[in-house]
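Structure first, commentary second.
All ligand and atom numbering here is 1-based and tracks the order in the structure.
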Amino acid sequence: MDAQIYRMMSTGASAAKSATLTPGLVRRVWSFAHAYRARTFGFLAIVVVESFLGLAPPLVIKAIIDDAVPKDDRRLVTVLAGIMIVVAFLNASLSMVERWLSSTIGEGLIYDLRSALFDHVQRQPIAFFTRTQTGALVSRMNNDVIGAQRAVTGTLGTVVSNVVTLATTLVAMAVLEWRLTGLSLLLLPVFLLPAKRVGRRLAGITREGFDLNASMNTTMTERFGVSGALLVKLFGQHDRERDGFADRAARVRDIGVRSAMYSRTFVVALTMVGAVGTAVIYLIGGRLVISGSITTGTLVALGVFVAQIYSPLTSLTNARVDLMTAFVSFDRVFEVLDAPNPITDHPDAVELVAPTGRIDFDAVTFAYPSGAESSVTSLESAAQLAAPDLGSGPVLHDLSASILPGELVAIVGPSGAGKTTLTQLVPRLYDTTAGAVRVDGHDVRDLTQASLRAAIGVVSQDPHLFHETVAENLRYAKPGATLAEMEAAARAARIHEVIAAMPDGYDTVVGERGHRLSGGEQQRLAIARMLLKDPAIVILDEATSNLDSENEAAVQEALARALEGRTSLVIAHRLSTITDADRILVLDHGRLVEQGRHADLLAAGGLYADLYRTLVRADRTAP
Ligand SMILES: Nc1ncnc2c1ncn2[C@@H]1O[C@H](COP(=O)(O)OP(=O)(O)O)[C@@H](O)[C@H]1O
Ligand SMILES: [Mg+2]
């Protein structure tokens, strides 16, 4: 009983309060469960059969007392006792089959929903990820998926089983003795009304506990990450952190005690009503037996039955909340599954074959999409939602430029000018607001994303490595790459020596929690990864400050090799990259203000000349 109540309350806890159960939602859930239709019917059929079997023991007991015993019929006693054993065996086998069905349906649904969610989410455009809280998304994948599964197996099974048990038991009781049955029902309101209130209170405090737990989780993941731990230490805030955390932990403790007492009240009340109900049956029934209006067997059977009706009644009192909660989870899962993906291949998208690497920006205007266009509201943080989302306004204005195959183009401009944004339009991380980006003469929206991205290698300022071995990180670019190929790429990127010196060489685990690589080493590994991909176009966001001079020289050498024979778009901060470029694009406030070779731009004495002088001064004063 305790377990049942706990299950009931914990599902109730994550419920959205204002949800409604629309026919559309029910239909959609049903269509999702369609693959399991046969099994679901089988499961429900077994549940019904089990409820009917529950009627047998009291009736058999009645037969023993009323028929077999008075007639001294030993054979009938044996037969009836045998029936009880058979029923028990039947019940046991059915229960195994029922559990197998419900778990294959439930786990199957979890599998379906999870795979669908993961795939849908990973294909979302990058704008989705910039606005979404990862924690909320992960909880959607775990808690809500499990909650949704409960709708189909747990809740549905419980409701059907309880309704059938209740109905059959009441009918059996009424047939045996309708007056006594009516009498035992008189007690019900005494119990049901408080039960409903206690149930609601319990759901409320359990929800509060869940919220507090979630907030403690967020704090822990944040404070126990390396950067968070560092911040706490450097600002000497250990005591404040402890107090804040202890405060919430204390509230969770108090809620735990309160909810334990509430649920015990529930159980105690139920037991009391059951006991009183049974006593009333025997009180009145005993007199009826003495006066000869009913048999002893009938009285005993009624006594057993009456104890059986209270438990399903309790569950059914809260069934609506229970069912609603489960459907809310489904709703929350569908909400993510329905998030539109504006960046998809259009039906007759073509493959980009043997790209030469020509890029045209044709009157490109671009504004970052607003939250409403790019994310699921409930996955954003409250702070994000509180701020009015007016959209960013255009970040690039009517920008046109052509980049020829094999050309090395440097993009320079003040911070915030739109350099990174411009390069992100080439692999179609975002779509232009107006105008077009063309690769080899094809609008990028007319190409398949897979072939477009295969043609482009990006090395960002802060290259990400997965928490996997060096070899696995490299093979991400080319799954079948041999060790020889990987070594060649690593040598070209000037990182082979570093890898070879690591504890397990190419099998060393790197990434956030693995072997720590310096900023320059990470960039060179990212360059090796890009070389394995062998793209026609290279986009490079040069690191500004996180490289020491030795690393900088190595990265520089690696790049000289990497960019050979490829169209290169380099967001340049180093003097040498800029002066060596075939062409320089100068961006300011999202506009292309100058373009040309270094000498010409310097002579023109515009924005570039200013930027260049600042860079030269910085270079001289650098250690
Ligand atoms: N994800 C984003 N959403 C909204 N605005 C952004 C986003 N990323 C950058 N911006 C804005 O776009 C402008 C250009 O940014 P960016 O291209 O990163 O500049 P740069 O690389 O030249 O320093 C900036 O004003 C910046 O605030
Ligand atoms: Mg940038």
Side-chain angles (χ1 to χ4, degrees), residues 124-134 137 339 341-343 359 361 364-377 379-381 383-401 403 409-435 437 456-464 519 522-523 526 538-547 555 559 568-574 577-578 581 583-595 606-608 610-612 614-615 618:
Q124 282 294 314
I126 212 72
F128 176 88
F129 297 97
T130 60
R131 297 195 63 97
T132 302
Q133 284 192 297
T134 318
L137 197 56
N341 187 343
I343 302 187
I359 306 169
F361 295 100
V364 168
T365 295
F366 175 75
Y368 278 97
S370 69
E373 296 166 78
S374 58
S375 76
V376 172
T377 320
L379 291 176
E380 296 187 29
S381 71
Q384 241 169 340
L385 293 172
D389 184 15
L390 304 171
S392 61
V395 170
L396 297 172
H397 304 267
D398 195 26
L399 190 150
S400 294
I403 294 149
V409 172
I411 305 176
V412 300
S415 169
K419 306 181 292 292
T420 304
T421 309
L422 183 68
T423 62
Q424 285 179 335
L425 299 179
V426 183
R428 212 184 158 202
L429 296 180
Y430 296 93
D431 276 340
T432 57
T433 311
V437 177
I456 302 170
V458 180
V459 178
S460 64
Q461 265 181 334
D462 182 19
H464 187 76
Q522 276 180 41
Q523 269 220 324
V538 172
I539 293 171
L540 186 75
D541 212 335
E542 268 189 355
T544 37
S545 54
N546 61 353
L547 297 188
V555 172
L559 281 176
S568 315
L569 220 50
V570 182
I571 298 175
H573 300 287
R574 295 189 195 99
T577 319
I578 301 173
R583 193 145 47 106
I584 301 161
L585 304 182
V586 185
L587 256 57
D588 190 24
H589 291 102
R591 292 175 206 278
L592 180 62
V593 289
E594 289 178 292
Q595 63 172 313
L607 176 62
Y608 176 78
D610 288 346
L611 286 168
Y612 181 75
T614 319
L615 273 177

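Between Y608 and Y612, the ring-plane angle classifies as parallel under the 30° and 60° cut-offs.
Residue contact annotation: S415 places no N/O/S atom under 2.8 Å from the Mg ion (ligand 2).
Side-chain N/O atoms of D541 and T423 include no donor and acceptor closer than 3.5 Å. When only modelled atom types and interatomic distance are considered, T421 and Y368 share a side-chain donor-acceptor pair under 3.5 Å.
Minimum heavy-atom separation, G590 to L399: O-CD1, 4.2 Å. Contact between L425 and V437 at its shortest, heavy atoms only, is CB-CG2, 4.0 Å.
The side chain of V395, and not its backbone, has at least one atom closer than 4.0 Å to an atom of ligand 1 (non-hydrogen atoms only; side chain from C-beta on).
Near S415, with a cut-off below 4.0 Å to any heavy atom, the atoms of ligand 1 are 23 (O). Near T421, meaning under 4.0 Å from any of its heavy atoms, are these atoms of ligand 1: 14 (C), 15 (O), 16 (P), 17 (O).
An N or O contact shorter than 3.5 Å is missing between T130 and ligand 1 by distance. Considering backbone and side-chain N/O of G418, one or more are found under 3.5 Å from N/O of ligand 1.
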